[in-house]
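Since the model is a prediction, treat every value here as computed from it, not as a measurement. What's counted below: heavy atoms across the whole structure, side chains too, no hydrogens, waters or symmetry copies.
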Amino acid sequence: MNIETLREYCLSLPLATEDMPFDDTVLVFRLKGRIFACIMFDRPDMVVMKCNPERAIDLRDRFEAIEPAWHWNKKYWNQIHLDSDVDSDLMRELLRHSYNEVNAKLPRKDRVPELI
């Protein structure tokens, strides 16, 4: 998956928005104001996503391209190298997982239906 396809997929998720809150090199994707993915233009070969802590460890063990995210809480955030051993189907599934993780932490009244 390339960076443009990743961006299009993130924005296709219900109520997903994008903005650049830190500087003009960091693009984040949000659900109801909370970040679920991040792309850094100085590292366009990588995306950062939220993940369930147990699953994050499993993914890091199984895939060379998945590592704890630099400058993020490593318990919950993975960085994934694009064009690696993570195929596009898994990348989309991990983006949905990240979105669902953020959605689950929203107040009940603000949650959207979980993505499958």
Who passes side chain to side chain donor-acceptor pair (under 3.5 Å) against Asn2, sequence neighbours left out? Thr5

With sequence neighbours left out, the residues meeting side chain to side chain contact (heavy atoms under 4.5 Å, CB included) with Asp89 are Asp87, Arg92

Salt bridge (charged side-chain N to carboxylate O under 4.0 Å, His left out) involving Asp19 - partner list, sequence neighbours excluded: Arg30

Give me the other members of the hydrophobic cluster that Ile57 sits in, counting Ile, Leu, Val, Met, Phe, Trp and Tyr linked by side-chain heavy atoms under 4.5 Å, directly or via other members. none

Selection residues 95-104 - residue pairs positive for salt bridge (charged side-chain N to carboxylate O under 4.0 Å, His left out), sequence neighbours left out: none

Closer than 3.5 angstrom, by distance alone: can the side chain of Asn100 be matched with the main-chain N or O of Leu115 as a donor-acceptor pair? yes

Show your working on side-chain hydrogen bond (donor to acceptor under 3.5 Å, both in side chains) between His81 and Glu64 and close with a plain yes or no. CA-CA 9 Å; His81 296 272; Glu64 189 174 316; over 6 Å; no

Quick one: list whatever passes side chain to side chain donor-acceptor pair (under 3.5 Å) with Ser84, sequence neighbours left out. none

Partners passing side chain to side chain donor-acceptor pair (under 3.5 Å) against Arg60 (at least two apart in sequence or in another chain): Asn78

Which pairs of donor and acceptor atoms, one on a side chain in residues 38-52, lie under 3.5 Å apart (sequence neighbours left out)?
from	atom 1	to	atom 2	distance (Å)
Asn52	OD1	Glu54	N	3.0
Asn52	OD1	Arg55	N	3.1

What pairs with Asp23 under side chain to side chain donor-acceptor pair (under 3.5 Å), at least two apart in sequence or on another chain? Thr25

Check whether any side-chain heavy atom of Leu31 sits under 4.5 Å from a side-chain heavy atom of Leu13, and report yes or no. no

Between Ser98 and Leu95 (side chain of the first, backbone of the second, donor and acceptor by atom type, cut-off under 3.5 Å), is there such a pair? no

Give a yes or no on whether the backbone of Val112 and the side-chain of Asn103 come within a donor-acceptor separation of less than 3.5 Å. yes

Going by the rule salt bridge (charged side-chain N to carboxylate O under 4.0 Å, His left out), which residues pair with Arg7 if we only count those two or more places apart in sequence or in a different chain? Glu18

For Asp83, which residues count as a side chain to side chain contact (heavy atoms under 4.5 Å, CB included) partner, sequence neighbours excluded? none

Would you call the rings of Tyr99 and Phe36 parallel, tilted or perpendicular, taking 30° and 60° as the class edges? perpendicular

If you apply the rule side-chain contact (heavy atoms from CB on, under 4.5 Å), what do you find for Leu11 with Phe29, and how did you get there? CA-CA 8 Å; Leu11 292 175; Phe29 300 95; 4.1 Å; yes

Side chain to side chain contact (heavy atoms under 4.5 Å, CB included) against Arg108, all qualifying residues, sequence neighbours excluded: Arg111

